[in-house]
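Residue numbers begin at 1 in each chain, while the letters A, B, ... track the order of the sequences.
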There are 2 protein chains.
Amino acid sequence: MRLTSKGRYAVTAMLDLAFHSQLKPVTLIDIAARQTISLSYLEQLFARLRRANLVKGVRGPGGGYSLCSNPSDISIADIVAAVGERIDATKCGGDANCQKHHACLTHDLWMELGEHIKVYLEKITLADLLIKNNVQKIAEMQDQEAQQVVEVRNYAELMNERQ
Amino acid sequence: MRLTSKGRYAVTAMLDLAFHSQLKPVTLIDIAARQTISLSYLEQLFARLRRANLVKGVRGPGGGYSLCSNPSDISIADIVAAVGERIDATKCGGDANCQKHHACLTHDLWMELGEHIKVYLEKITLADLLIKNNVQKIAEMQDQEAQQVVEVRNYAELMNERQ
DNA sequence: ACTTAACCTAGCGAAATAGTCAACTAATGT
DNA sequence: ACATTAGTTGACTATTTCGCTAGGTTAAGT
C-alpha cells in the first residue's frame, strides 16, 4: 500500500478545479501555478482522470478542464484510484496466495486495513472538503497570490514593450 | 504514506514470535523458514525491533528472540513504527509547510487520514491476532510443514553419512 | 576449542517516484 | 487562412527505496 504525491496532487488539483470551474473551464497552467505542481506532471495525472471520467477537457482558447459530475458525487477514493495509487495493503492483492499458494499469517489483517481505508476515503467527497473553513481560506489566499503573479508579469511585459 | 513488505514482514515475524516463544527464545532461522522471509532481511528488521524495545535477543546456542512485553501490550502500530514505515500521509510530515511555508489545500485531509489509520492500528494488538481462528490454523499448518522439512533434511544427512 | 546464533556493515539490482523535454494534434479567435 | 492556445503522447532521467545478499564480528553454551 502506498499513498504518495501522485494521489495528493490529484486530489489537490481536483479540489482546485471544484473551486474554480464553476463558470468556465480551468487551465492546467493555472492549477500548476496555484498549487505549485509541475505542469507536465499534472498533464499526466489529468490524462488518467479524464480516462476515469472524472473530468472533461475543452480545447482551444478559453478552454481547460472541468468536473464531469457534482463535487458531492466525487469521492477521494475515486480520485486516488483513478491515478493508480494502491490502497490495498496485502502483498498478494487480495488473492490470498501471499505464502506459497496459501494466505500468510497476517493476510486478514491487511485485507481489513485496506477495506477500512477504502471505506473512509469513499465517504469523503470533494463537496465535503469545499465547505471546510481551512480549505476556503487557503484557496482564497492562493487566488490572491496568483493574481499578484499575473500583475507582476503584466508589469514586466509593459516595461519590455517600452524599451 | 507507505506500507510495504517491510511492515508486513515485521508484524508476521512478531506474530510468529508470540506463537512460539512462550517457553524459550525463537531463532530467526526458524521464523525465516516458517514465514519464508529472507534471514538477512529479518536480522535487519529485528535490529530495529530490538532498538524499539519490542524484542530481546539471547545469544549463543539455545538463544534467539522473545517478546519484551505481553502480546496484549504490543500493538500493530508499535511494530510498524519500529521498522520505520511511515503511516503519515502528508507530504510535510505534519509540519503544514507543504506549499511554500503554508499548508497545501489538502493538508488537513491527509492529516486526518493518517491519524485515522494510526488509531486503527493502535487498537489491534498481537493478542487480538493470536486468538483469531484463521491465524491459529495457518500457524499450525506452518509448524507441520516446518517439521516435515526438518525430517527431510535429517534423512538427507543420514544418507550422506552412509556414502 | 567449537558451535551456535545474535549482531553489524556495505552494497546491489529492480522498481517506482516525480518529474523533464520535445513533438504532435485539435479547436478557437482574429 | 493562420497563429494561438490547449491537450496528448512518448521517451527519457535523476533519485530514492525496497528487498535481499554477502561478509564479517561478538557473545554465549557444551
Side-chain angles (χ1 to χ4, degrees), chain A residues 1-13 17 21 24-33 35-52 54-66 68 80 83-86 88-89 91-92 98-99 104, chain B residues 1-13 17 20-21 24-33 35-68 80 83-86 89 91 93 98-99 104:
Chain A
M1 177 215 229
R2 143 180 293 155
L3 199 52
T4 67
S5 288
K6 194 194 280 185
R8 282 193 296 262
Y9 284 165
V11 174
T12 303
L17 209 55
S21 71
K24 60 188 180 87
V26 174
T27 69
L28 293 191
I29 293 178
D30 285 352
I31 299 180
Q35 309 304 333
T36 51
I37 305 174
S38 140
L39 174 60
S40 302
Y41 199 44
L42 262 187
E43 286 171 349
Q44 286 178 40
L45 297 180
F46 270 74
R48 289 182 182 240
L49 293 171
R50 195 177 51 82
R51 265 177 247 138
L54 293 180
V55 298
K56 51 172 176 276
V58 180
R59 296 183 171 205
Y65 281 97
S66 46
C68 273
V80 165
V83 295
E85 295 269 70
R86 274 196 53 188
D88 176 38
K91 178 172 210 169
C92 53
C98 352
Q99 201 196 2
C104 72
Chain B
M1 180 219 218
R2 136 183 301 156
L3 199 51
T4 66
S5 287
K6 194 195 280 186
R8 282 194 296 263
Y9 283 165
V11 174
T12 303
L17 208 56
H20 297 98
S21 70
K24 60 189 180 89
V26 175
T27 69
L28 292 191
I29 295 175
D30 285 350
I31 298 180
Q35 309 303 333
T36 51
I37 304 174
S38 142
L39 174 61
S40 301
Y41 197 45
L42 263 187
E43 283 175 351
Q44 290 176 38
L45 296 181
F46 271 74
R48 290 181 183 241
L49 293 171
R50 193 175 50 85
R51 267 176 246 140
N53 269 322
L54 293 179
V55 298
K56 50 174 177 275
V58 180
R59 295 183 171 203
Y65 282 97
S66 44
L67 297 179
C68 275
V80 166
V83 295
E85 295 269 68
R86 276 196 49 188
K91 179 173 208 167
C98 352
Q99 200 195 0
C104 72

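The nucleotide whose nearest atom lies closest to any side-chain atom of Arg2(A) is, among dA16(C), dG7(D), dG19(D), dA16(C).
With the nearest nucleotide of DNA chain D identified for both Leu39(B) and Gly84(B), Gly84(B) has the one nearer the 5' end. Place Ser5(A) and Gly62(B) on DNA chain C by their nearest nucleotides, and Gly62(B) ends up nearer the 5' end.
Proximity of a side-chain donor or acceptor of Arg8(A) to a complementary backbone N or O of Ala89(B) within less than 3.5 Å is detected.
Shown here for Tyr65(B) and Ser21(B), the closest heavy-atom pair between the two residues is O-CB, 4.1 Å. Scanning both residues, Lys6(B) and Leu45(B), for their nearest heavy atoms gives CG-CD2, 3.5 Å. Here the shortest heavy-atom pairing between Ile31(B) and Leu42(B) reads CG2-CD1, 3.7 Å. A pairwise comparison of heavy atoms in Val83(B) and Arg48(B) identifies O-NH1, 3.2 Å as the closest pair. For Cys92(A) against Cys98(A), the heavy-atom pair with the smallest separation is SG-SG, 3.4 Å.
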Pairs under 3.5 angstrom, nitrogen or oxygen only, protein versus nucleotides 8-13 of chain D, please.
{"from": "dT8(D)", "atom 1": "OP1", "to": "Arg50(A)", "atom 2": "NE", "distance (Å)": "2.6"}
{"from": "dT8(D)", "atom 1": "OP1", "to": "Arg50(A)", "atom 2": "NH2", "distance (Å)": "3.3"}
{"from": "dT8(D)", "atom 1": "OP2", "to": "Tyr65(A)", "atom 2": "OH", "distance (Å)": "2.2"}

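Taking five base pairs at each end of the helix from dA1(C)-dT30(D) to dA23(C)-dT8(D), the local helix axes there meet at an angle of 10°, rounded to 10°.
When rounded to the nearest whole Å, the span between CD1 of Ile31(A) and C1' of dA6(D) equals 13 Å. When the P atom of dG7(D) is taken as reference, atom CG of Leu49(A) falls 13 Å away, rounded to whole Å. Between the C1' atom of dT4(D) and the CD1 atom of Ile29(A) lies a distance of 12 Å, rounded to the nearest Å. Note: NZ (Lys91(B)) to P (dT17(C)) measures 14 Å, nearest angstrom. Rounded to an integer number of Å, the gap from Leu3(A) CG to dA16(C) P is 17 Å. The CD1-P distance, from Ile37(B) to dG19(D), rounds to 11 Å in whole Å. Spacing between atom CG of Leu45(B) and atom C1' of dC18(D) amounts to 11 Å, rounded to whole angstrom units. Rounding to whole angstrom units, CG of residue Leu42(A) and C1' of dG19(C) are separated by 11 Å.
Contact annotation: Thr27(B) side-chain N/O to dT4(C) OP1/OP2 distance is not under 4.0 Å. Look at Thr4(B) and you'll find a side-chain N or O under 4.0 angstrom from OP1 or OP2 of dG19(D). Between Tyr9(A) and dT17(C) there is no side-chain N or O to OP1 or OP2 distance below 4.0 Å. Using a 4.0 Å cut-off, no side-chain N or O of Ser38(A) falls inside it from OP1 or OP2 of dG19(C).
The line from CD of Gln99(B) to CD1 of Ile37(A) is 8.0 Å long, rounded to the nearest 0.5 Å. Atoms CG and OG1, from Leu17(A) and Thr12(A) in turn, are 12.0 Å apart once rounded to the nearest 0.5 Å. How far CZ of Arg50(A) is from CD of Glu43(A): 12.0 Å, rounded to the nearest 0.5 Å. A distance of 9.5 Å separates NZ of Lys91(B) from OG1 of Thr4(A), quoted to the nearest 0.5 Å.
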